[in-house]
A.B. asks: 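Sharing a structure below in structure tokens format, with a few things to ask.
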2 protein chains.
Amino acid sequence: METFLSGADRPLYEVKANLFKGLAHPVRVRVLELLLPGDPVSVSELISETGLEASHMSQHLSVLRKHHLVVAERRASQVFYRLAYPEVADLLRVARILLAQVLETTHEQLVSTMRLPALSAPSA
Amino acid sequence: METFLSGADRPLYEVKANLFKGLAHPVRVRVLELLLPGDPVSVSELISETGLEASHMSQHLSVLRKHHLVVAERRASQVFYRLAYPEVADLLRVARILLAQVLETTHEQLVSTMRLPALSAPSA
DNA sequence: TGGCGGTATGATAAATTCATCATTCAATAG
DNA sequence: CTATTGAATGATGAATTTATCATACCGCCA
């Protein structure tokens, strides 16, 4: 089983890039955010929340598992997922902060280059 | 120019996935870590540090620029890069912490499943 | 103009994504 | 016990995206 950690001695930046690769898909980010609150969520719930097909969801869950970002737990006939570490939540939080920063700056730049006041009512 | 922010109103998790996509390559992680200390680094330095070909490096720098993770500044005949926001450094830091956590846990699991003591000398 | 430092382009190779189908596992009906 | 249903996973291949490499290009300064 490819676990992305077998070569624990390989360059750190390669391992780190792999971590980001695991996060680099909208569906997977969405799933992680659904798990953010903390309590386990069943695959059924994830499917109904996202509207994805079961097999499609399972594929992404498998990627998240491989990257050790989530853990699965079987309860009777259903499988529940949760974040593997609280640090995963931290990572998403920091990403959100960075994104907010980027968007804000970009917006300011747009506004200043277009010379369109952002908050006051345009005269024309 | 595709800037990954044009549709600022599109789903947040898609924008966030894009951010991670920008980080999801060993070379780009490596470059960001070289920029981590804070002072601008010239492309020449980045090239000699990594051993990459100029065009190859430039491509990755272009990706990082598109994702607003770095900014370039021209000084005479050379171009210097630095992190676009301190939050980028935060992101890398959190990623490192998470990775350490994952590696530690995985190692413990390996040790316990193989029943090989980690620190004491094996008897056979 | 020539040369150095970077950048953009385009073709090919490789990895991801996505849809479809088959399989496994648990619970329950017959 | 066996068949069946619901829940989830796994496997295959086509389509799309991304990475890689070589090459051509641009801007600055001597």
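Here the structure is a predicted model, which means the values were calculated and not measured. Per chain, numbering begins at 1; letters A, B, ... match sequence-line order. We use all heavy atoms of the structure for the numbers below, so side chains are in, but hydrogens, waters and symmetry mates are not.
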A.B. asks: Look at the side chain of B:Leu61 and decide which nucleotide, out of C:dT16, D:dT20, C:dT7, has an atom nearest to it.
C.D. replies: C:dT7

A.B. asks: Measure the shortest side-chain to side-chain distance between A:Leu98 and B:Asp90 over non-hydrogen atoms and say whether it is less than 4.5 angstrom.
C.D. replies: no

A.B. asks: Between D:dG10 atom C1' and A:Met57 atom CE, what is the distance in whole Å?
C.D. replies: 16 Å

A.B. asks: Return the nearest nucleotide to the side chain of A:Ser77; candidates are C:dA27, C:dT16, D:dT9.
C.D. replies: C:dA27

A.B. asks: Output the rounded distance in Å from CD (B:Glu53) to C1' (D:dA24).
C.D. replies: 13 Å

A.B. asks: Does B:Ser58 make a side-chain N or O approach to OP1 or OP2 of C:dT7 shorter than 4.0 Å?
C.D. replies: yes

A.B. asks: NA contact type, A:Ala54, heavy-atom cut-off 4.0 Å: base, sugar-phosphate, or nothing?
C.D. replies: base

A.B. asks: Between C:dT17, D:dA8, D:dT18, which nucleotide gets closest to the side-chain atoms of A:Val43?
C.D. replies: D:dA8

A.B. asks: Students often get this wrong, so: under 4.0 angstrom with heavy atoms, is B:Phe80 touching a base, only sugar-phosphate, or nothing?
C.D. replies: nothing

A.B. asks: What is the distance, to the nearest angstrom, from the NE2 atom on A:His56 to the P atom on D:dG10?
C.D. replies: 15 Å

A.B. asks: Tell me the interatomic distance from B:His25, atom NE2, to C:dA15, atom P, rounded to whole angstroms.
C.D. replies: 11 Å

A.B. asks: Looking only at side-chain N and O atoms, does B:Tyr81 offer a donor or acceptor that is under 3.5 Å from a partner on B:Ser42?
C.D. replies: no

A.B. asks: Rounded to whole Å, please give me the gap between CG in A:Leu64 and P in D:dA8.
C.D. replies: 16 Å

A.B. asks: Less than 4.0 angstrom between a side-chain N/O of B:His60 and OP1 or OP2 of D:dT20, yes or no?
C.D. replies: yes

A.B. asks: Please report, rounded to the nearest Å, how far the C1' atom of C:dA15 is from the CZ atom of A:Phe20.
C.D. replies: 20 Å

A.B. asks: Taking for each residue the nucleotide of DNA chain C bearing the nearest heavy atom, is the 5' side occupied by B:Val79 or by A:Lys21?
C.D. replies: B:Val79

A.B. asks: Counting the atoms with a prime plus P, OP1 and OP2 as sugar-phosphate, which does B:Arg75 contact under 4.0 Å by heavy atoms, base, sugar-phosphate, or nothing?
C.D. replies: nothing

A.B. asks: Closest to the A:Tyr81 side chain: D:dT9, C:dT7, C:dC18?
C.D. replies: D:dT9

A.B. asks: Which one, C:dG6, C:dC18, C:dA8, comes nearest to the side chain of B:Ser42?
C.D. replies: C:dG6

A.B. asks: How many Å lie between NZ on B:Lys66 and C1' on D:dA19, as a whole number?
C.D. replies: 13 Å

A.B. asks: Kindly indicate whether the side chain of B:Arg65, heavy atoms from C-beta on, has any atom under 4.5 Å from the side chain of B:Val71.
C.D. replies: no

A.B. asks: Look at B:Glu14 together with B:Lys16 and state whether they make a salt bridge at an N to O cut-off of under 4.0 Å.
C.D. replies: no

A.B. asks: What does A:Ser44 touch in the nucleic acid at a heavy-atom separation under 4.0 angstrom: a base, only the sugar-phosphate, or nothing?
C.D. replies: sugar-phosphate

A.B. asks: From B:Ile47 CD1 over to B:His56 NE2, what is the distance, rounded to the nearest 0.5 angstrom?
C.D. replies: 11.5 Å

A.B. asks: In whole angstrom, give the distance that lies between atom CD of B:Gln78 and atom P of C:dT7.
C.D. replies: 11 Å

A.B. asks: For D:dT9 and A:Gln59 - does any side-chain N or O of the residue sit under 4.0 Å from the phosphate oxygens OP1/OP2?
C.D. replies: no

A.B. asks: Less than 4.0 angstrom between a side-chain N/O of B:Arg74 and OP1 or OP2 of C:dG5, yes or no?
C.D. replies: no

A.B. asks: Is the shortest heavy-atom distance from the side chain of A:Leu12 to the side chain of B:Arg96 under 4.5 Å?
C.D. replies: yes

A.B. asks: Respond yes when some side-chain nitrogen or oxygen of A:Arg65 is under 4.0 Å from OP1 or OP2 of D:dG10, and no when none is.
C.D. replies: yes

